[in-house]
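Below is one structure, written out as structure tokens; comments come after it.
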Amino acid sequence: MRRLSRWAGAALVSALLGACSPGTGVDPGLSKDGSGVVAAIAGEPDQLDPHRTSAYFSFQVLENTFDTLVEPDRNLDMRPALAERWKVSKDRLTWTFTLREGVTWHDGSDFGADDVVYSYRRIIDKKLGNAWRFDGVKDISAPDDSTVVLKLDKPMYNLLSRIGGHKGLAIVNKRNVESGKIKTHPVGTGPFSFDDYNPGESVRLKANPHWWGGAPKIPSLTFRFIPEPTTAVADLEAGEINWTDNIPPQQVERVSQNQDLRLDTAVGNDYWYLTTNQDRRPFDDPRVRRAIAYGIDRKAIVQATQYGNATVNQLAIPRTNPWYTAYSPYSHNPRRAARLLKSAGVRDLKIDMLVTKEYPETVVAGQVIASQLGKIGITVKPREVDFATWLDKQGKGEYDMLMLGWLGNLDAEDFYYAQHHSKGNFNFQKYSSPKVDRLLEAGQKESDRKARKVRYAQAARQIADDASYIYLYNPDIVQVWAPQLKGYKVRSDGAVRFRDVRLAE
Amino acid sequence: MMLRFTLARTGHAAVVLLGVTVVVFTLMHLVPGDPVRVALGTQYTPESYQALRTASGLDRPLISQYFHYVGSALTGDLGVSFRTGEPVTLVLLERLPATLSLAFAAMVIAVGIAFPLGVYAATHQGRISDTIVRVVSQFGVSVPDFWLGILFILLFSSTLGWLPPSGYVPLTEDPLGWLSRVVMPATAVGLVSGAIITRFVRSAVLESLGSEHARTARAKGLRHRTVRRRHVVRNAMVPVITVIGVQAAILMGGVIVIEVVFAWPGLGRLTFDAVSARDYPVVQGAVLLVAALFLLVSMAVDLLYARIDPRISIR
């Protein structure tokens with residue numbers, strides 16, 4: 001015991017000595033020299049390896065440091081990025097990308113086709129989270145230093161949005177990966193390069209003067225982590241930061257009327273939905289699911305959860321997306337809902353609804369939905385669990401009803417296949433429709449864009465009619481910045497790009 | 001004598017710390033939610049799940065995980081964070097200065113308020129001023145610090161524009177910058193702690209005023225003021241120091257919500273993030289560190305007692 005206490009004493013002393021050493025880092029975000037942009041995001045990146053992180057806060061930073069082969073423009077159409085152009089073979093099975101000349105990494109070394117091959121193989125070989133995006137890619141090769149060839153098993157018409165729609169498919173630097181430094185000191189080819197990191201506080205990037213798209217007009221870009229939205233807005237008003245997307249929903253109205261701030265919104269590409277466990281009675285009966293769809297009032301849900309900052313929708317895809325289809329079969333109609341329940345022979349239904357504080361909208365919506373469905377004779381009991389438990393229950397099918405959102409989709413397939421194909425990876429509600437399966441498979445194989453759109457629209461309508469998901473709304477993307485920040489545009493895919501902005505005097 | 005006392009207390013502290021590891025370890029594993037599943041998020045595949053589970057040792061029996069943990073903790077190795085892969089010891093030490101400096105400033109404010117107010121109220125017992133102090137301190141005890149914090153931001157930053165709303169500058173680099181940023185969070189927390197301490201100071205001084213030796217001192221013909229300073233207040237210090245010690249230790253634990261409100265990169269915020277991410281190693285490390293600080297403060301308090309009141313033996 002004596003030895004133990006000496007050890008503990010030594011540990012304490014060394015911990016305290018460590019505490020007394022001067023703090024690390026130099027006040028990055030708070031520079032008042034007016035040269036760079038300081039943006040406040042609501043949380044801290046878990047790590048900066050684009051292939052391994054799944055945190056939204058990481059991608060906000062990485063959007064500005066890494067490039068993909070192609071990337072979505074403001075209308076979400078795919079445009080050249082590291083690849084200058086591409087062509088598709090006659091049999092539609094070979095895609096040849098020609099890379100941009102003269103691109104360099106942030107460390108000064110040359111970028112080439114090997115880097116693309118290395119990055120994609122890393123995702124596939126290590127079975128990283130985005131590996132599924134290469135399903136159906138048979139081979140990746142680099143015949144010369146500026147050409148990359150992707151060979152497919154079967155035609156895949158959304159290949160471009162698969163490799164360009166998500167920074168998780170960024171092209172990374174082999175040396176950076178193998179040294180392990182990519183987690184904390186990423187080296188990319190993007191408009192800004194990594195400069196400094198202060199844990200718990202901020203990450204600072206500096207302009208990459210050699211960026212292929214032209215040097216950014218601001219010398220530095222600092223992301224500060226400010227979790228409390230009231231604080232973030234106060235910081236913006238005080239001139240401590242220049243931009244934030246962390247605004248309390250109830251303050252959007254007030255901030256939009258502030259002449260000293262610029263606020264803009266876009267209909268987001270994300271969607272929120274309600275679903276029921278179709279493995280359980282009586283949700284295996286589509287009439288019961290439809291009754292719920294008629295029984296809820298989407299507008300009231302949007303008002304309660306988002307303070308109105310969302311667009312109600314009865315399909316997944318928002319109108320800002322090129323794959324949008326207009327379709328809204330359900331009005332708020334409690335009488336019709338009650339009739340449907342009666343015809344299904346359901347009376348005094350008591351169900352639970354999984355909600356989680358980590359997504360507070362589900363907690364609020366749970367109460368609203370409980371009161372709405374109460375009126376048609378369904379007693380909803382929200383069951384609040386932490387998100388880890390939530391995921392677990394969802395995966396095991398231990399729930400009656402739940403609500404959650406899907407983020408970061410671009411192509412029609414992203415919105416429907418994994419969620420509603422009977423073999424889809426995320427079909428936790430156990431929906432199964434041979435007709436929808438057929439349509440979704442056809443959508444994958446179809447080459448003509450218009451014909452594809454028709455297929456997906458048919459599938460989407462069927463999904464809504466069957467109430468596999470009961471779609472609720474697309475949340476607005478709300479961002480606010482100081483008037484000195486010029487050239488900033490809110491994007492519906494939520495990508496936060498500072499490459500074109502400048503700071504006016 | 002003093003040395004033996006200190007050693008005995010250190011031994012005692014080590015046993016308590018060991019107990020803390022058992023409790024935290026058990027609790028963390030009882031909390032529902034699979035940390036590996038959370039760490040992977042959308043990167044989840046059965047293969048990556050198995051790989052991370054094995055790599056973080058979570059596939060081994062609980063008891064062997066525990067002994068492994070304590071064994072490495074003794075050498076200063078608290079494992080690596082599930083989320084970032086960085087050594088927990090390093091992560092904690094990075095955050096410690098921010099929390100210590102905030103706790104220190106808050107204590108200065110708390111004690112600075114509590115002493116004069118408490119003594120004043122006690123020596124004016126029953127008068128209006130006493131009642132005011134008691135009502136105000138009751139209010140201070142009941143108000144949540146984060147609410148005060150948000151109120152301060154709205155008043156002093158948004159409306160008056162006097163102070164920066166958030167952020168942290170190390171004291172060693174820019175004392176003025178540090179001061180301008182610490183004053184709001186420290187006051188928000190300090191007012192609440194101060195209110196608690198005020199009530200203790202008041203009742204301790206009251207008790208001491210009525211005590212035998214105070215009466216004896218007065219009977220000896222000493223002036224009121226001298227009695228108050230030399231006998232009453234000094235005697236009242238023992239219970240007061242205990243409360244201050246407890247309050248200081250609580251602050252060291254990182255005032256979780258206040259650190260979130262003011263974007264202060266301290267232990268509280270780290271713990272907050274780590275708990276929601278089921279980052280076991282970081283949560284365990286943070287709790288262990290806070291427990292160690294707590295014990296250290298209580299040892300310091302005990303030593304102080306002995307200095308103030310010679311009757312307290314240090315055997």
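In what follows, chains are A, B, ... by sequence order, proteins preceding strands, each numbered from 1.
- For the residue pair Thr389(A)/Asp386(A), the side-chain donor-acceptor check at 3.5 Å is satisfied.
- The six-membered or imidazole ring of Trp406(A) lies near that of Phe426(A), with a centre-to-centre distance under 6.0 Å.
- Contact of Ile150(B) with chain A is made through the side chain alone, with heavy-atom distances under 4.5 Å.
- When the candidates Thr230(A), Asp235(A), Leu48(A), Ile226(A) are compared by the number of heavy-atom contacts under 4.5 Å with chain B, Asp235(A) comes out ahead.
- In summary, the side chains of Glu44(A) and Tyr197(A) do present a donor paired with an acceptor at a separation below 3.5 Å, with no hydrogens or angles considered.
- Heavy atoms closer than 4.5 Å to chain A are found in the side chain of Leu154(B), but not in its backbone.
- Proximity of Val182(B) to Leu102(B): side-chain heavy atoms (C-beta onward) are separated by under 4.5 Å at one or more points.
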